[in-house]
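Bear in mind that the values here come from a model prediction, so they are computed numbers and not experimental data. So you know, we letter chains A, B, ... as the sequences are listed, proteins then strands, and number each from 1.
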Amino acid sequence: MSNDKPVRVRFAPSPTGYLHVGGARTALYDFLYAKKYNGTFVLRIEDTDVERSTEEALKMQIQDLSWLGLKWDEGVDPVTLEDMGPYGPYRQSQRKSIYDKYAQQLLEKGNAYYCFLSDEEIDAQREQAKKEGRPPQVNSPYKDWDLEKALEHKKTSEVKPVIRFKTPDVKKDYLLNDLVRGEVRFPSDMVGDFVMIRSNGMPVYNFCCAIDDALMKLTHVFRAEEHLSNTLRQMMIYEALGFDLPQFGHLSIILGEDRQKLSKRHGATSVNEYKERGFLPDAMNNFLALLGWSSPEAQEIMSMDEMSQQFSTERLNSASAVFDETKLKWVNATHLRALPHNELWQLLQPYFDKEGFDLPQDSDWQDKALSLMKTSMETLKDGVELFRPLSKGSFSLSEKASDVLSWEPTKRVFEKWISLLNESDNIDEQGFMNMQNTIKKECEVKGKNLFMPIRVAVIGQPHGAEVKLLVPLMEKSELLERAQTALNSCT
RNA sequence: GUUCCCUUCGUCUAGUGGCCUAGGACAACGCCCUUUCACGGCGUAGACACGGGUUCGACUCCCGUAGGGAACGCCA
């Protein structure tokens, strides 16, 4: 048990694309756990697949992780991408000499061997095994060759060999004490001799993962459930090398609405997409945390600090969870509305700029406008359509207003509204109410025949925030211009 | 096919043998607030996959069945 050692956890993405929400949740749990126990969170890059790993993807992943606020203490520096910490390098592609050393050791001890099987031979073996109803494992004729003999053969062989790990001959059970699944027992013959080093000299996941986790002194390994069966291979490597096992915690998988593993066809699966759609990092974290973990206080809305304080592996759920975007939206809306208005405005600003909105810069105005609008805002992006009516010169009559424009009293209301506007100076809430009353009396309209037309003359559509609060936020000239446009469109 | 994992309201979950006529949250529905739309408040409906054990007692423990998932790669 490694309970007394200082906690060290890691997130180890392979930079082959955007950061997936599943990965984000794993990283979040790592982060929360490290924070709770004052431990170290390390970011290691698993880029041994040179074909698929790109620098671009690495930067994307780092950006997404940073956006979520999941700061790591050790690993690849988020800005310079240089190594940061005492156990580097932190990119597996740069640790080749380390893996070679251990591979050599295993080769000499007889725990590994050069295998000269060609792809065709391996395929044939698998076919055969399948036909006989056996697990499709390779059985290499080279497993008992002397190292010298293999080395000699290597010089002249046409196939470049891989190095395979030699699984134990005697059948036994490996017992894993998983933090989320409890006791898991693997029969040793569950796996065949697996490749440790590729023919191009690059190590393979199960080999370098085990070595790095041990060398980087990681105490806890949280990762997705799909790695559960890999753990047997890694345990064998730990055993052969005499390393101490860390504590493993295999997290359940996140599913889509159809209960299949979450993938592209379910819509957005990368945190970057959610960022662009106007979700807040803390809301994202909050929602993701709840997908497989629950607060002991049954709290639903939590800050990062609250989550890390309450976090524990005992409350991790072993069943897979469906990613429910509706709930995400609710979590986001709740976080959004709790934000101080100056902060919220800053987050909204880029969206407004992108649309070219002309909105007042004074903070008092912004504060009032936000109080009015944020109750119907679920994402930052919703702010766009909400604030569009408030932007100078962006008035247009919505399709939804056409009904109102055809009502009999509408034209009268518009005309009166315009004349009253002309007579007034700065209109405050009370001022507007007075105007409304005047219209009511003089035009002899009430109910929605009164309110809807005025709203249409102000924002171009019959539904939205309270007009009496909206009007004081707008300039008289703008209001006049709009009312005139509305009047001209009466049918 | 083999091995491993999983199974409580539509969804996320609470539940560690009696507190469970199964609790909460999102969604749905209804009412209230509101001369619109939201927010908010209150309420209604809705689940232990199935079958055997064990036990005085099972959502909870054991065994099967069914369903779902994962792994069996020179991907991670």
S.K.: How many whole angstroms separate atom NZ of Lys400(A) from atom P of rA38(B)?
M.R.: 11 Å

S.K.: For the side chain to side chain contact (heavy atoms under 4.5 Å, CB included) test, which of Thr410(A), Leu397(A), Asn449(A) pairs with Val404(A)?
M.R.: Thr410(A)

S.K.: Does the pair Glu325(A)/Arg277(A) count as a salt bridge with the N-to-O cut at 4.0 Å?
M.R.: yes

S.K.: Pick the P atom in rA22(B) and in rC4(B), then give their distance to the nearest Å.
M.R.: 36 Å

S.K.: Among rC74(B), rU36(B), rU35(B), which is the nearest nucleotide to the side chain of Met452(A)?
M.R.: rU36(B)

S.K.: Any base atoms under 4.0 Å from Asp189(A), or only sugar-phosphate, or nothing? Heavy atoms, all strands.
M.R.: nothing

S.K.: Could you give the distance separating rU13(B) and rU7(B) at their P atoms, to the nearest angstrom?
M.R.: 11 Å

S.K.: What is the base-pairing partner of rC20(B), counting Watson-Crick and G-U wobble geometry with both distances under 3.5 Å?
M.R.: none

S.K.: With C1' as the reference atom in both, quote the distance from rG43(B) to rU60(B) in angstrom, rounded to an integer.
M.R.: 31 Å

S.K.: Compare the minimum distances between each of rG73(B), rU11(B), rA27(B) and the side chain of Arg259(A), then state the nucleotide with the smallest one.
M.R.: rU11(B)

S.K.: RNA chain B: Val138(A) or Pro187(A), which has the more 5' nearest nucleotide?
M.R.: Pro187(A)

S.K.: Reckon Thr48(A) touches a base, only the sugar-phosphate, or nothing at all at heavy-atom distances under 4.0 Å?
M.R.: sugar-phosphate

S.K.: For rU3(B), which nucleotide in any strand shown is its Watson-Crick or wobble partner with both distances under 3.5 Å?
M.R.: rA70(B)

S.K.: Does any N or O donor sit under 3.5 Å from an N or O acceptor when you compare the side chain of Ser376(A) with the base of rC39(B)?
M.R.: no

S.K.: With rounding to whole Å, what would you report as the distance between rA45(B) and rA38(B) at their C1' atoms?
M.R.: 25 Å

S.K.: Checking base pairs now: Watson-Crick or wobble, both atom distances under 3.5 Å. What partners rU54(B)?
M.R.: none

S.K.: Specify the separation, in whole Å, of atom CZ of Phe323(A) and atom P of rU13(B).
M.R.: 13 Å

S.K.: Select one nucleotide: of rU11(B), rC74(B), rC39(B), the one nearest the side-chain heavy atoms of Asp324(A).
M.R.: rU11(B)

S.K.: Among rC6(B), rA76(B), rG69(B), find the nucleotide with the atom closest to the side chain of Arg181(A).
M.R.: rC6(B)

S.K.: Look at Arg181(A) together with Glu225(A) and state whether they make a salt bridge at an N to O cut-off of under 4.0 Å.
M.R.: yes

S.K.: Taking the P atom of each, how far is rC9(B) from rG24(B), in whole Å?
M.R.: 16 Å

S.K.: Looking at rC37(B), rC6(B), rG15(B), which one has an atom nearest to any side-chain atom of Arg315(A)?
M.R.: rG15(B)

S.K.: Could you please name the partner base of rC59(B), counting Watson-Crick and G-U wobble pairs only when both distances are under 3.5 Å?
M.R.: none

S.K.: Using the P atom on both, measure rA27(B) against rC42(B) and round to a whole Å.
M.R.: 15 Å

S.K.: Does rG40(B) pair with anything, Watson-Crick or G-U wobble, both distances under 3.5 Å, and if so, with which nucleotide?
M.R.: rC32(B)

S.K.: Are any side-chain N or O atoms of Arg455(A) and backbone N or O atoms of Ala465(A), one a donor and one an acceptor, separated by less than 3.5 Å?
M.R.: yes

S.K.: Suppose we define a pair by two distances each less than 3.5 Å, Watson-Crick or G-U wobble; what does rA49(B) pair with here?
M.R.: rU65(B)

S.K.: At under 4.0 Å between heavy atoms, what does His227(A) touch on the DNA or RNA strands: base, sugar-phosphate, or nothing?
M.R.: base

S.K.: Between P on rA76(B) and CD1 on Ile45(A), what's the gap in Å once rounded to a whole number?
M.R.: 14 Å

S.K.: Applying side chain to side chain donor-acceptor pair (under 3.5 Å), can you list everything that pairs with Gln94(A), at least two apart in sequence or on another chain?
M.R.: none

S.K.: Provide, to the nearest angstrom, the distance between the CE atom belonging to Met302(A) and the P atom belonging to rU13(B).
M.R.: 12 Å

S.K.: How would you label the contact of Ala129(A) with the nucleic acid (heavy atoms, under 4.0 Å): base, sugar-phosphate, or nothing?
M.R.: nothing

S.K.: Under 4.0 Å, counting only non-hydrogen atoms across every strand here, what does Gln260(A) touch: a base, just sugar-phosphate, or nothing?
M.R.: sugar-phosphate

S.K.: Among rC5(B), rC74(B), rA14(B), which is the nearest nucleotide to the side chain of Arg164(A)?
M.R.: rC74(B)

S.K.: Syn or anti for rC39(B), please, going by whether the chi angle lies within 90° of 0.
M.R.: syn

S.K.: What integer distance in Å separates Arg185(A):CZ from rC5(B):C1'?
M.R.: 15 Å

S.K.: Using heavy atoms to find the nearest nucleotide of RNA chain B for Ala298(A) and Asp47(A) separately, return the residue whose nucleotide is more 5′.
M.R.: Ala298(A)

S.K.: Side chain of Met190(A): nearest nucleotide among rA25(B), rA14(B), rC4(B)?
M.R.: rC4(B)

S.K.: Nearest to the side chain of Lys261(A), which nucleotide is it out of rC4(B), rA70(B), rG24(B)?
M.R.: rA70(B)

S.K.: Please work out if Gly192(A) contacts a base, only the sugar-phosphate, or nothing of the nucleic acid, heavy-atom cut-off 4.0 Å.
M.R.: nothing

S.K.: Could you state the atom-to-atom distance from CG of Leu232(A) to P of rG73(B) in whole Å?
M.R.: 13 Å

S.K.: Can you tell me, in whole Å, how much space there is between the C1' of rU16(B) and that of rG68(B)?
M.R.: 25 Å

S.K.: Picking from rC74(B), rC72(B), rU7(B), which would you name as closest to the side chain of Val162(A)?
M.R.: rC74(B)

S.K.: Just call it for Glu300(A): base, sugar-phosphate, or nothing, with non-hydrogen atoms closer than 4.0 Å on any strand.
M.R.: base

S.K.: Run the side chain to side chain donor-acceptor pair (under 3.5 Å) test against Lys374(A) and tell me which residues pass, sequence neighbours left out.
M.R.: His341(A)

S.K.: When you compare rA66(B) with rG52(B), how far apart are their C1' atoms, in angstrom units rounded to a whole number?
M.R.: 14 Å

S.K.: Rounded to the Å, how far apart are Arg91(A) CZ and rA76(B) P?
M.R.: 16 Å

S.K.: Students often get this wrong, so: under 4.0 angstrom with heavy atoms, is Thr326(A) touching a base, only sugar-phosphate, or nothing?
M.R.: sugar-phosphate

S.K.: Is a salt bridge present between Arg10(A) and Glu46(A), judged by a nitrogen-to-oxygen distance below 4.0 Å?
M.R.: no

S.K.: Rounded to whole Å, how long is the line connecting atom CZ of Arg233(A) with atom P of rA70(B)?
M.R.: 16 Å

S.K.: The side chain of Arg198(A) lies closest to which of these nucleotides: rU36(B), rG69(B), rC75(B)?
M.R.: rC75(B)

